[in-house]
Amino acid sequence: MSQQAKDSTETAAQTARRELPKAYDPAAIEDRWAEYWVRERLFEVKTPSPEELEKLHAQSNDVFTILLPPPNVTGRLHMGHMLNQTEMDILTRWRRMRGDLALWLPGTDHAGIATQMMVERQLTSEGTSRQALGREKFVERVWEWRRHYGGAILDQMKRLGASVDWSREYFTMDENLSVAVREAFVRLYEQGLIYRGAYIVNWCPRCQTAISDLEVVHEEQTGKLWEIRYPVIGAENEFVTVATTRPETMLGDTAVAVNPLDERYQGLIGKTLRLPLVGREIPVIADEWVKSDFGTGAVKVTPAHDPNDFAIGQRHKLAAISVMDETAHMNAEAGAYAGLDRYVARKKVLEDLEAQGLLGAVREHVNSIGKCDRCKTVVEPRLSTQWFIAVNKAPEGGGDSMAELARKAVRADAEGKKAIRFTPEMYEKVYLEWMNNIYDWCISRQLWWGHRIPAWHCAGCRKITVAREDPTQCAHCGSADITQETDVLDTWFSSGLLPVTVFGWPRHTRDLDVFYPTQLLVTGFDILFFWVARMIMLGCWFSKDVPMADGSPRALADSVPFREVYIHALVRDADRQKMSKTKGNVIDPIAIVEQYGTDAVRFTLASMASPGTDIAFSEARTEGYRAFANKIWNAARFIFMNVERAREVGVAVDSSALGGTPKVGEGAPIEARWIASRLNTVALEVNAALGEYRFHEAANTVYQFFWGDFCDWYLEIVKLRLDFGEGAEKAVVRSALTTLLETFEAALRLLSPFMPFLTEELWHAVYEGEAPAKSIALTRYPMGSESGVHADEASEIMMLLQNLIIDLRALRKERNVPERERVPAIYFVSDKANQLVQRNIDIVRHLAKVTEVKPQPHDVLAGRVGRRRGVAWDVDLVFEAAIDTAAERERLTRELAKLEKAVASAERQLGNEAFLAKAPAAVVEGLKKQESENRVLLEKTRKAMEELGAE
RNA sequence: GGGCGGUUAGCUCAGCUGGUUAGAGCGCCUGCCUUACAAGCAGGAAGUCGGGGGUUCGAGUCCCUCACUGCCCACCA
């Protein structure tokens, strides 16, 4: 450790003294550790050498790589991010502590449209504009913006303690990533998989760019369906009536189509119509796409403004006439309507048609209308020249198309193996369904901020030169009169490449050998198609040509960008409403974190994150987990206090075994053997749960263990051993404290992935600033051992004691025994059970506040109304108090009903031969035991009822 | 138009491949400042698992159906 590092460790640990404040205050510790983790570069991962990797594997550990879904640079952390990051951090910390080489890679996305809009807004407020600045200046301006504000979301992430490797942080517009993006584009172009052409695309008139199908959100809306009469040329008063929801587009009609089988129109096919308002002559054509039963059965065809019409136009070689410009205003082709906004033009067109008597019926019509995902402007299908990836096209040399590769990666192969596994599994279906119906991907955007398409247009021969290095002349005719394409690439093109580009692709790097494929992707459903699907397509496509580290060819299973995908839920508000700015119900994670502490919020999210279920985030619950943090804090105070007291009387705790699992010998007291066994079981359960992304189960298991077992029972019992008085046995104190500290330290490690701040603070305090590592995050996770689960005599004895104590406490309550008063108890019990109880009588006396528990013959107990009847004993307090017979009768009645029901159902089952024959022996045995116990209880309860009635 | 979820205590949710008497947190009721913690401790009440049908020795869990509810996908003008 360098001197500087050592100093900072000490500084951080200095406050980690054992004199902890009475109440847990997250604000006092979290910033400090968040900063420390970053400053100490704790989570940086050096690329391992082959030898190091071999060593790792020899210890049956592995590389665990996880890529942070890059938030937009413009982003602010929201609850979804926090859930996402909490889950990733829990898994990464857990894997790291298990001994894996855990690399979590952070970065941000340049987010083309979002960022451009942000900066444009800024320019508007300054009274200028993107256009006024010009492209070059504007892009500079965006970079400047990014330098100032782009780190915000990652800073928030640092505050939340995400254990990422900051040294590897990337930005999708970084030089090296840009080079890779360009290489990918050029390769696809060379492979004939990128083409440029004029097609109908979704166009946002406000953003003034093409957007992909995915960026269009559909909304059901009740609109109108207008019928318009188109006069037939050469036939007086004969019309073809078409139906449309967008009458203004008629100005660009170049045909009317009918179904070839539609009898109504047989005579009209091939005739010519006069397009109203425009006067153009357009043909009536027959196309099977037309559905006779919709509208009038005749469709106006506007190839430049509708994707279906465009397809018809192609089939029938129709002209495509655009009547709108990029802002959705009518253009010169619209004649008298030129310059009007599309909706103004619609109104005018309808008025004019009406005036000419060409407007027919107007009907209410429900249809779904496409809006721009980003700005909610109604999207206009627009004919424009764009760049596309042919995702369904097989490469020239043969082989699978990009989409097919992406399907194979998820489908089970002949052996039932899947290269990529989804959790929850149902998303596989969703993904495959989408991939089965995928269209070519429009990757060009008419923006300035983004990766500019590396294509040059030649003014001479009009051909395109696509190149890795900026060309000086046309590759086809040699002309120097070339200009670069102005479009940039869809943001998802570059982010879809991240799993390969972050590791240095297109170079074949050591990083690529070691870290690719990544192990896991954790993300929300909302970007399954946008990003997850694109990464699978592009990742498989480009990595398949990269040989494995040993030079062998890469199989599909090793060319996937990640081996597993965990899709998490949506975080909703406490009323299950989707959080949205317009509803004003957005919960700011940072505000919540400031109020309750990061650990409490993390724990809340984890405890509710059961796969496949949305999370209704409730502050009430967070409050509960802050209480949990406080509980841990106070347990620490209690422990440290006692270690201190022990030190004062010359008892030193043996700290040599810290960092492992508590070593508890045969002769150790029951509570020590029991808690060690519980810890072992809990460790097994937590590890198993995390392995299946069952965060809620893992969280709840540690919670129950720490609060229920460790604090409520173990700690209370241990108090008995902590006698620092004159004649105290020092060995007992020492041994108890040692186990206590060991268990606590192990529990902290168990909790650490969920509550990294609190556990870090307390862990350093356990070692009084002399910790064996820089962070608890670098210690080993308690794994639990299968062999420790069996032969669990301690648990059985403990359960016996717990049940007795619970009975006694209940009796105290029923009899209204004053809280401070200790009273004797008597019970009728088996000799064996009595021996166990007497051997641990101090525990019972302490926890149940009794002076003694004396065995008595049955008759002594029999007459006592209100005694507790269990399977193992009849027990009662010796305390004069009026018994509330009414309450007692009520309780007995309830109990009777329950027992009768249980016994009856058990009898029914046990009397059933089919059950005895078919059910597994263990189930039958269990039921038999249950039944006989219940029968005893039932008998006892009935008797008690009689006794009660006799009084 | 297709497809996928959900419906369990007053509230928010667990309950994995069907197996003994369905759990947790919050809230509620009762009593306690028992010197780690009142952000606490102890005791307690509370559910015919959305309705109906079926399979099974056995169903909250599997199948069918209905109801309500949420989401995704889709080029009916």
Side-chain angles (χ1 to χ4, degrees), chain A residues 20 22-24 200 213 218 225 242-246 257 289-291 293-296 298-302 306-311 365 367-368 381 424 426-427 429-430 433-434 437 439 525 528-529 570 574-576 578 607-608 610-618 620-621 623-642 689 692 694 696-697 700 703-704 711-712 715-716 719 806 809-814 816 818-820 849 891 894 898-899 901-902 905-906 909 912-920 922-931 934:
Chain A
L20 302 175
K22 185 173 172 185
Y24 157 70
I200 295 280
D213 291 347
H218 292 273
L225 186 65
V242 298
T244 180
T245 52
R246 294 190 299 152
W289 176 81
V290 180
K291 293 192 176 72
D293 54 359
F294 187 90
T296 60
V299 190
K300 60 191 270 311
V301 181
T302 324
D306 183 277
N308 294 310
D309 293 7
F310 182 77
H365 179 67
N367 67 335
S368 88
M426 68 158 177
Y427 287 111
K429 242 176 102 177
V430 178
E433 189 60 27
W434 186 80
N437 296 305
Y439 289 88
F525 172 79
L528 178 60
F529 306 136
L570 202 67
D575 303 318
R576 304 205 104 265
K578 220 170 180 168
S607 74
M608 301 187 82
S610 97
T613 314
D614 283 351
I615 293 175
F617 188 87
S618 87
R621 206 147 158 171
E623 232 168 280
Y625 290 118
R626 182 188 54 184
F628 180 48
N630 187 53
K631 188 81 183 171
I632 300 167
W633 185 264
N634 277 291
R637 287 182 58 226
F638 171 79
I639 294 165
F640 298 159
M641 206 179 80
N642 282 288
E692 294 170 27
R694 306 173 67 80
H696 68 294
E697 203 176 289
N700 292 335
Y703 178 93
Q704 292 302 340
C711 290
D712 289 348
L715 231 47
E716 289 306 319
K719 285 178 180 172
I806 287 168
R809 281 170 173 171
L811 280 167
R812 290 180 61 95
K813 188 80 176 175
E814 278 157 27
N816 286 316
E819 203 69 24
R820 289 172 174 281
K849 296 208 190 89
R891 227 192 55 227
R894 261 199 309 270
K898 216 161 128 189
L899 286 167
K901 206 177 130 194
S905 113
Q909 273 205 75
N912 186 332
E913 278 178 32
F915 170 71
L916 297 176
K918 291 185 183 177
V923 172
V924 177
E925 281 313 301
L927 190 61
K928 273 186 183 158
K929 190 175 164 222
Q930 187 71 49
E931 199 250 354
N934 277 336

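By convention in this document, chain letters (A, B, ...) are assigned in the order of the sequence lines, proteins followed by strands, and residues within each chain are numbered from 1. What you see is a predicted model; the values in this text were computed from it and never measured.
Counting to the nearest Å, the P atom of B/rU17 and the CD atom of A/Glu697 are 12 Å from each other. Spacing between atom CD of A/Glu814 and atom C1' of B/rA42 amounts to 13 Å, rounded to whole angstrom units. Straight-line distance from the CZ atom of A/Phe628 to the P atom of B/rA39: 18 Å, rounded to whole Å. The distance from atom CD of A/Glu913 to atom P of B/rG58 is 14 Å, rounded to the nearest whole Å. For the pair A/Glu692 CD and B/rA14 C1', the computed distance is 15 Å after rounding to whole Å. The distance between atom CE of A/Met426 and atom P of B/rC4, rounded to the nearest whole Å, is 11 Å.
In this structure, A/Phe915 has no ring pair (Phe, Tyr, Trp, His ring centres under 6.0 Å) partners at least two apart in sequence or on a different chain. Legend: residues meeting ring pair (Phe, Tyr, Trp, His ring centres under 6.0 Å) with A/Phe638, ordered by chain and number and at least two apart, are absent.
Nucleotides B/rC71 and B/rG54, compared at atom P, are 35 Å apart to the nearest Å. Separating the P atom of B/rG10 from that of B/rU48 is a span of 8 Å, rounded to the nearest Å. Here the separation of B/rC37 from B/rA9, taken at their P atoms, is 37 Å to the nearest Å.
No donor-acceptor distance shorter than 3.5 angstrom exists from the side chain of A/Asp306 to the backbone of A/Thr302, with no hydrogens or angles considered. Listed for the A/Arg812 side chain is a donor-acceptor partner under 3.5 Å among the backbone atoms of A/Lys849. Checked by atom type and distance alone, the side chain of A/Asn700 pairs as donor or acceptor with a backbone atom of A/His696 at under 3.5 Å. Between the side chain of A/Asn934 and the backbone N or O of A/Leu899, no donor-acceptor pair lies under 3.5 Å.
RNA chain B is contacted by both A/Arg621 and A/Arg626; A/Arg621 maps to the nucleotide lying nearer its 5′ end (nearest heavy atom per residue).
Salt bridge present: A/Glu716 and A/Lys719 bring a charged side-chain N and a carboxylate O closer than 4.0 Å.
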Inset, instruction - Quick one, give me the B/S/- string for nucleotides 27-37 of chain B, reading 5' to 3', where B means a protein heavy atom under 4.0 Å from the base and S means that only happens at the primed atoms, P, OP1 or OP2. - result: ---BBS-B-BB

Inset, instruction - Would you give a per-nucleotide map of nucleotides 68-77 of chain B, 5' to 3', where B means the base has a protein non-hydrogen atom under 4.0 Å away, S means only the sugar-phosphate does, and - means neither? - result: --S-SS-BBB

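A close approach under 4.0 Å does not occur between any side-chain nitrogen or oxygen of A/Arg809 and OP1 or OP2 of B/rG44.
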Legend entry - Per-nucleotide pairing state of RNA chain B [Watson-Crick or G-U, under 3.5 Å; [ ] pseudoknot-crossing; | other strand]: (((((((..((((.....[...)))).(((((.......))))).....(((((..]....))))))))))))....

Between N or O atoms, less than 3.5 Å apart, protein on one side and nucleotides 18-21 of chain B on the other: list the pairs.
unit_1: B/rU20; atom_1: O2'; unit_2: A/Gln930; atom_2: OE1; d: 3.4
unit_1: B/rU20; atom_1: O2; unit_2: A/Gly926; atom_2: O; d: 2.7
unit_1: B/rU20; atom_1: O2; unit_2: A/Gln930; atom_2: OE1; d: 3.4
unit_1: B/rU21; atom_1: O4; unit_2: A/Gln930; atom_2: NE2; d: 2.2
unit_1: B/rU21; atom_1: O4; unit_2: A/Asn934; atom_2: OD1; d: 2.9

Legend entry - side chain to side chain donor-acceptor pair (under 3.5 Å) between A/Ser607 and A/Tyr703, intermediate numbers included: CA-CA 9 Å; A/Ser607 74; A/Tyr703 178 93; over 6 Å; no

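Side-chain contact between A/Asn634 and A/Tyr24: absent, with no pair of heavy atoms (C-beta onward) separated by less than 4.5 Å.
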